[in-house]
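In what follows, a single structure is set out as structure tokens and then discussed.
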Number of protein chains: 2
Amino acid sequence: MQKIDDDDLKQQFMSECNYEFLFGSDMAQHAELLHFKVQEYIVENLVRPKYLFYLVKGKAKLYDSLANGKDALIDFFTPPCFIGEMELLDAKSAPFSVQVIDDCYCLALPVAKYQAQLLADPTFLRNVCIYLSRKNARNIKTASRNQGFTLSQRLAAFILLTEHDGYYNEKHTQVSEYLGVSYRHLLYVLAEFVKTGYLKKDRQGYHIIKLKPLQQLAREVTSSNS
Amino acid sequence: MQKIDDDDLKQQFMSECNYEFLFGSDMAQHAELLHFKVQEYIVENLVRPKYLFYLVKGKAKLYDSLANGKDALIDFFTPPCFIGEMELLDAKSAPFSVQVIDDCYCLALPVAKYQAQLLADPTFLRNVCIYLSRKNARNIKTASRNQGFTLSQRLAAFILLTEHDGYYNEKHTQVSEYLGVSYRHLLYVLAEFVKTGYLKKDRQGYHIIKLKPLQQLAREVTSSNS
DNA sequence: CTCCTAGTATGAGATTTCTCATACTTAGTG
DNA sequence: CACTAAGTATGAGAAATCTCATACTAGGAG
């Protein structure tokens, strides 16, 4: 983690993300701009963060480490979004890990100094409530899909969700944790898609060849898609 | 759903659950007392509720119905707790179903009339934030456990969690949806516990005979138990 | 240039979990 | 009292998924 002293950049991020509108009073002036490198932790498992973060650029993942060594990847964070809000609100919460996937910039408010002020600001609280509510709904959807559908179905849906220009290019290690299956099994089903001719692998990644059957597989997963 | 016009009872529930302290202004006077029978819906799938509920007695379940006919039981609601807060906060949310397990009493505020007032009340918002935050953390824990551990381990943990006086007495239908497995498989593992001598079934229910090995099985599930 | 880490790949065999079929029991309802 | 819905139980076979082992590749760090 590194503090970035570049007011122009900070200002740019703030206006891109409408940072000032998150609060009822002018908190923007107190925010620091922080930078995190790939694989750094924004929040480390069970360590209470010192800032309330607002992700303005990059990508991160929220995950839960289980006692048997497995990791469950719960959610992806993409700008703009709060990070560390659970810990700000609830002194008793046990923080989950948030780790950087692509280099991140965050606007950050020191908790110690501004917690009281934030907890009395209805504009801020309303925004956090909505954010938490959507995040919870998303997490519930993901969890119930992981439980209720087979990996072929979920993977088809995930490929269609993350595809760019007909190419699927996600990291298998991460995807397996997100879809809640072993790496081995993910590769197995992926290989099956290739064998069936739905996908074809080339230098650019996995190329979607047969869209229709993938959509068909994904149909039940995606429907009821709030 | 039935409105209960019993001011004494309402007053009693309010003081039991510290209802008035949830708000910055006196909302208590506007709350109605409602009663729901077993299997009634407090919130029906995709139907926006007309009230913000506060469960003061009884038990209910939150679940997500998937397009393939399966239901994922996400969370149990026990007093005191909000119901319908996601819908109050976020106009875009797609409500999940909340169905009564044991007859419920709820204090209820009409959304149409008081939404604006509630969304400007920092005391209320703070309470909802904390509630949402804990609920989300709980849901995440449940989901990642369901993914990361085998049913024997999860069931052992669940038995120890819900046991009363050495007896396990939950409904298999519900538990299977909560633990994210088929009814058949739950019964299979349960029968295994009986065969191994961990449990013994009598008129009162499943009696815990060997606590130690159950605790051992549950250990990794329960550890990291925020 | 070498080492190390993260990521990709595949095989083989074992478990876990699912589907479907079929019965039986119990409590509530007309 | 008969009917119905919800819950309990068990068998058999199939599938989805896991564990473990083993190789190979690419990129960053020293």
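Just so it is clear, the model here is predicted, and its values are computed rather than measured. So that the names make sense, note that chain A is the first sequence line, chain B the second, and so on, each numbered from 1.
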ask   = Between residues 169-194 of chain B and DNA chain D, which residues have a heavy-atom gap below 4.0 Å?
value = B/Lys171, B/His172, B/Thr173, B/Tyr183, B/Arg184, B/Leu187
request  = Not counting sequence neighbours, which residues clear side chain to side chain donor-acceptor pair (under 3.5 Å) with A/Asp202? List them please.
outcome  = A/Tyr167
ask   = B/Leu73 has an atom CG; how far is it from atom P of D/dG7, in whole Å?
value = 12 Å
task = Not counting sequence neighbours, which residues clear side-chain contact (heavy atoms from CB on, under 4.5 Å) with B/Pro110? List them please.
result = B/Glu32, B/Tyr51, B/Lys113, B/Tyr114
query = For A/Phe149 and D/dT17, what is the distance between atoms CZ and P respectively, to the nearest whole Å?
reply = 13 Å
ask   = Within this structure, what is the CZ-to-P distance between B/Arg203 and C/dT26, rounded to whole angstrom?
value = 14 Å
note = A/Gln39 CD to C/dC4 P, in whole Å, measures 18 Å
key: Nucleotide nearest B/Lys70 (side chain, heavy atoms from C-beta), chosen from D/dT17, C/dT19, C/dT17   = C/dT19
request  = Whole angstrom is fine here: how far is it from CD in B/Gln147 over to C1' in D/dC18?
outcome  = 14 Å
query = Does the side chain of A/Ser152 get closer than 4.0 angstrom to OP1 or OP2 of D/dA16 through an N or O atom?
reply = no
query = To the nearest angstrom, how far is A/Lys37 atom NZ from D/dA29 atom C1'?
reply = 13 Å
Which donor-acceptor pairs under 3.5 Å do the side chains of residues 68-80 of chain A make with protein atoms, sequence neighbours left out?
residue, atom, partner, partner atom, Å
A/Asn68, OD1, A/Lys70, N, 3.1
A/Asn68, ND2, B/Gly148, O, 3.0
A/Lys70, NZ, B/Gly148, O, 3.4
A/Asp71, OD1, A/Ser65, OG, 2.9
A/Asp75, OD1, A/Arg138, NE, 3.2
A/Asp75, OD2, A/Arg138, NE, 3.3
A/Asp75, OD2, A/Arg138, NH2, 2.7
A/Asp75, OD2, A/Asn139, ND2, 3.1

query = Below 4.0 angstrom from OP1 or OP2 of D/dC18, is there any side-chain N or O of B/Thr150?
reply = no
message = Measure CG/A/Asn68 against P/D/dC20 and give the value in whole Å, please.
response = 11 Å
key: Interatomic spacing from OH in B/Tyr54 to SG in B/Cys106 - rounded to 0.5 Å   = 11.0 Å
query = Do any pairs count as a salt bridge (Lys or Arg N to Asp or Glu O under 4.0 Å) and have a residue in residues 162-174 of chain A, sequence neighbours left out, and if so which ones?
reply = none
query = Can we say A/Glu220 and A/Arg145 salt-bridge, meaning some charged N sits less than 4.0 Å from an Asp/Glu carboxylate O?
reply = no
ask   = Which residue pairs satisfy the ring-ring contact (aromatic ring centres under 6.0 Å, His included) criterion with at least one member in residues 140-162 of chain B, sequence neighbours excluded?
value = B/Phe158-B/Tyr178
ask   = Rounded to whole angstrom units, what separation is found between the CG atom of B/Asn146 and the P atom of C/dC18?
value = 11 Å
